[in-house]
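All values reported here derive from a predicted model rather than from experimental measurement. FYI, the numbering just counts along the sequence from 1.
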Amino acid sequence: MRKIISVVGARPNFIKLAALHPYLKKSFNHVIVHTGQHYDYELSQNFFEELSLPNPNYNLQVGSQASSDQIKLIKSKSQKVLEREKPDLVLVYGDTNSTVGGAQASHAAKIPLAHVEAGVRSFDDSMPEEINRKTVDHLSNILFCPTQLAVKNLKNEGIKNNSYFTGDTMYEVLLKIKPSKSILSNLGIRPKEYYFATIHRQENTDNLKRLKTLIKSLSKLDRIVIFPLHPRTKKSASSTKNDYGNIMFIDPVNFKNSISLQQNSIMILTDSGGIQKEAYYLKIPCLTLRSKTEWPETVASGWNKLVDCQEKKILKCSRETVLPKKHPNYFGNGDASIKIVQIIKEFLYD
Ligand code: UD1
């Protein structure tokens, strides 16, 4: 049986891995390497338990580091595992530091590399994730694209072979989740009476002025705002936290509760890439707290608006309640994993 190693390390990596693992384990010896980029229970173990993922075969325990140190450490530690395990293929997911560190390790160990969620671009090089995406795509031997636009982006960068439109693995996981409303009653809130907000991206959290403006804007919304706090945001926002009556800061939530809270909200305000897509799948209007997005399809269709850090725009758009009539299918049919595993089989056995 051929061996595949998945290198993962952060929350969105685990969700994509959860889509693929059941199919990979049927056809391959699937070894999971957790880099340790996310180590808090709520951001890591919680997802493995909830999404029925087995314990990782390796945990590299890289922990918190400056970004470039973290990538270097992920690369060197992963490379050692790859040289010992000698897999036939390495799989990396999305755009995190673990994705790029794993990709560089695979390149250094001369093992073929496949990228799940390839070709996605925001065309904003100030986002670390954009640099990660480009680096990984240009190292990859097989590229699995969630949208047709992603295939086109790769073509424009000269990557014409071995890129495939498969649809989105996160859509697949969402379809399998059975959200319950118990999180709402636990929080004492009712469906369609609150906004759901998340902020954790570096461009928003590491600039305190920007973060304060965003939180102040949320505090002026006309309903309760449910706001799960990522550890990075908690650190930066500790000075501003508790000051705003309508914002309910809560601990990070698991995947199922995140989907329940999104699905029952009137609107989502976020800087997360994954949540922009989830809002689209759930047909909940989304305001993206950034100036660029890697999911322009959601904006083109009218379901997502880029409001950046502009209070007036945030408040104005929050009052627009007419939903777009059309909801085009950009992200496939929820069978990305089956397609991906079939393509891998052809790559490894032909
Ligand atoms: C990472 C991804 C981002 C993704 C997000 C999902 C990169 C470049 N970014 O961002 O694209 O949307 O994951 O959550 O990889 N920390 C903890 N506990 C943890 C993990 C992190 O307290 O378990 C703290 C660290 O002190 C660190 C900060 O959070 O300073 C940021 O963590 P890091 O893993 O670097 O990036 P994320 O912001 O989580």
Side-chain angles (χ1 to χ4, degrees), residues 1-25 27-41 43-49 51 53-118 128-129 131-144 162 169 231 340-341 344-345 347-349:
M1 205 181 224
R2 301 286 162 102
K3 189 191 279 185
I4 292 186
I5 289 194
S6 284
V7 181
V8 291
R11 213 163 35 169
N13 301 148
F14 308 144
I15 300 169
K16 289 159 203 150
L17 172 70
L20 270 154
H21 175 71
Y23 301 98
L24 287 171
K25 77 172 180 195
S27 303
F28 304 102
N29 173 8
H30 185 213
V31 174
I32 299 175
V33 176
H34 186 325
T35 65
Q37 178 180 348
H38 281 180
Y39 46 85
D40 281 352
Y41 176 81
L43 265 56
S44 177
Q45 182 71 20
N46 198 355
F47 282 78
F48 274 76
E49 288 168 9
L51 299 170
L53 283 166
N55 285 330
N57 302 76
Y58 291 87
N59 191 319
L60 308 179
Q61 297 188 322
V62 299
S64 295
Q65 311 272 338
S67 203
S68 57
D69 295 338
Q70 193 176 48
I71 294 172
K72 268 189 216 150
L73 204 57
I74 292 168
K75 180 194 167 190
S76 63
K77 289 192 165 193
S78 305
Q79 193 179 339
K80 284 198 185 112
V81 174
L82 299 184
E83 282 165 0
R84 185 193 310 170
E85 290 279 348
K86 299 187 175 38
D88 298 285
L89 184 80
V90 173
L91 261 179
V92 291
Y93 305 77
D95 57 14
T96 70
N97 289 343
S98 295
T99 316
V100 74
Q104 288 174 349
S106 146
H107 185 250
K110 299 191 171 54
I111 295 164
L113 174 71
H115 185 202
V116 175
E117 208 176 270
E129 290 80 2
I131 306 299
N132 291 348
R133 287 190 279 263
K134 285 194 204 165
T135 309
V136 175
D137 285 341
H138 285 267
L139 291 174
S140 293
N141 304 86
I142 322 178
L143 302 102
F144 301 118
N162 291 331
T169 51
I340 289 171
V341 168
I344 293 177
K345 278 186 189 162
F347 180 85
L348 291 180
Y349 289 106

A.B. asks: Does a side chain donor of either N97 or S67 reach within less than 3.5 Å of an acceptor in the other side chain?
C.D. replies: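 A pair is found: one side chain offers a donor N or O, the other an acceptor, under 3.5 Å apart.
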
A.B. asks: Please report the interatomic distance CE(M1) to CG(D88), rounded to the nearest 0.5 Å.
C.D. replies: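 The CG atom of D88 is 11.5 Å from CE of M1, to the nearest 0.5 Å.
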
A.B. asks: Could you report the tightest heavy-atom contact between L113 and S140, atom names first, then the distance?
C.D. replies: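 Scanning both residues, the minimum pair turns out to be CD2-OG, 3.5 Å.
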
A.B. asks: Roughly how far, to the nearest 0.5 Å, is CG of L89 from CG of N141?
C.D. replies: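 Reported to 0.5 Å precision, the distance equals 8.0 Å.
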
A.B. asks: Taking the ring centre of each residue, are H34 and F48 less than 6.0 Å apart?
C.D. replies: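 Yes, the ring centres sit under 6.0 Å apart.
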
A.B. asks: Is the backbone N or O of E83 less than 3.5 Å from a side-chain atom of K86, with the two atoms forming a donor-acceptor pair by type?
C.D. replies: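 Judged by distance alone, yes, a pair lies under 3.5 Å.
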
A.B. asks: Go through the structure and list residues passing side-chain contact (heavy atoms from CB on, under 4.5 Å) with N162, not counting sequence neighbours.
C.D. replies: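 For N162, the residues satisfying side-chain contact (heavy atoms from CB on, under 4.5 Å) (neighbours in sequence not counted) are Y164.
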
A.B. asks: So do Q104 and S78 actually touch side chain to side chain, heavy atoms under 4.5 Å?
C.D. replies: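 S78 vs Q104: side chains apart.
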
A.B. asks: Under the side chain to side chain donor-acceptor pair (under 3.5 Å) definition, can you give me all pairs with a residue in residues 106-115, not counting sequence neighbours?
C.D. replies: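 Applying side chain to side chain donor-acceptor pair (under 3.5 Å) to every pair that reaches into residues 106-115, excluding sequence neighbours, yields H115-D137.
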
A.B. asks: Just by distance, do the side chain of H38 and the backbone of S44 share a donor-acceptor pair under 3.5 Å?
C.D. replies: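 Checking the backbone N and O of S44 against the side chain of H38, no donor-acceptor pair under 3.5 Å is found.
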
A.B. asks: Who pairs with P87 by side-chain contact (heavy atoms from CB on, under 4.5 Å), at least two apart in sequence or on another chain?
C.D. replies: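 Per chain and number, P87 pairs via side-chain contact (heavy atoms from CB on, under 4.5 Å) with K3, I5, L82, E85, V90, I111.
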
A.B. asks: Can you list everything that forms a side-chain contact (heavy atoms from CB on, under 4.5 Å) with Y41? Sequence neighbours excluded, please.
C.D. replies: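 Only Q45, N46, E49 meet the side-chain contact (heavy atoms from CB on, under 4.5 Å) criterion with Y41.
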
A.B. asks: Can a donor-acceptor pair be found, under 3.5 Å and without considering hydrogens, that links the side chain of D95 to the backbone of E129?
C.D. replies: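 Side chain of D95 to backbone of E129: no pair is present.
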
A.B. asks: Does any N or O in the side chain of N13 come within less than 3.5 Å of the main-chain N or O of Y93, such that one atom is a donor and the other an acceptor?
C.D. replies: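 Yes, N13 side chain to Y93 backbone: donor-acceptor pair under 3.5 Å.
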
A.B. asks: What heavy-atom pair brings K16 and G94 nearest, and what distance separates the two atoms?
C.D. replies: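 Looking at all heavy atoms of both residues, the closest pair is NZ-CA, 3.9 Å.
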
A.B. asks: Once rounded to the nearest 0.5 Å, what's the spacing between atom CD of Q61 and atom NZ of K77?
C.D. replies: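 That separation rounds to 7.0 Å.
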
A.B. asks: Compare every heavy atom of P231 with every heavy atom of D40, then report the nearest pair and how far apart it is.
C.D. replies: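 Where D40 meets P231 most closely, the heavy atoms are OD2-CG, 3.6 Å.
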
A.B. asks: Whether the side chain of N57 engages the backbone of I32 through a donor-acceptor N/O pair (distance < 3.5 Å, no angle test) should be reported.
C.D. replies: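 Checked: pair present.
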
A.B. asks: With sequence neighbours excluded, tell me which residues meet ring pair (Phe, Tyr, Trp, His ring centres under 6.0 Å) with F28.
C.D. replies: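 Once residues adjacent in sequence are excluded, F28 has no partner under the ring pair (Phe, Tyr, Trp, His ring centres under 6.0 Å) criterion.
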
A.B. asks: List for me each residue that meets side-chain contact (heavy atoms from CB on, under 4.5 Å) alongside S64, sequence neighbours excluded, and say none if there are none.
C.D. replies: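 Once residues adjacent in sequence are excluded, the partners of S64 under the side-chain contact (heavy atoms from CB on, under 4.5 Å) criterion are Y39.
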
A.B. asks: Measuring from atom CG of L53 to atom CD1 of I15, what distance do you get when rounded to the nearest 0.5 angstrom?
C.D. replies: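 Going from CG on L53 over to CD1 on I15, the span is 10.0 Å.
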
A.B. asks: So which heavy atom on G9 is nearest to which on T35, and how close?
C.D. replies: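 In terms of heavy atoms, the two residues are closest at CA-OG1, 3.3 Å.
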
A.B. asks: Which atom names give the shortest non-hydrogen contact between S98 and V7, and what distance separates them?
C.D. replies: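 In terms of heavy atoms, the two residues are closest at O-CG1, 4.0 Å.
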
A.B. asks: What closest approach, in Å, do F14 and L51 show between heavy atoms, and which atom pair accounts for it?
C.D. replies: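 Smallest heavy-atom distance, with atoms named: O-CD1, 4.2 Å.
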
A.B. asks: So among L348, V341, I344, which one has a side-chain contact (heavy atoms from CB on, under 4.5 Å) with S27?
C.D. replies: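 Looking at L348, V341, I344, the match for S27 under the side-chain contact (heavy atoms from CB on, under 4.5 Å) is V341.
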
A.B. asks: CD1 of I4 to NE2 of H30: how many Å apart, nearest 0.5 Å?
C.D. replies: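 Interatomic distance, I4 CD1 to H30 NE2, rounded to 0.5 Å: 7.0 Å.
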
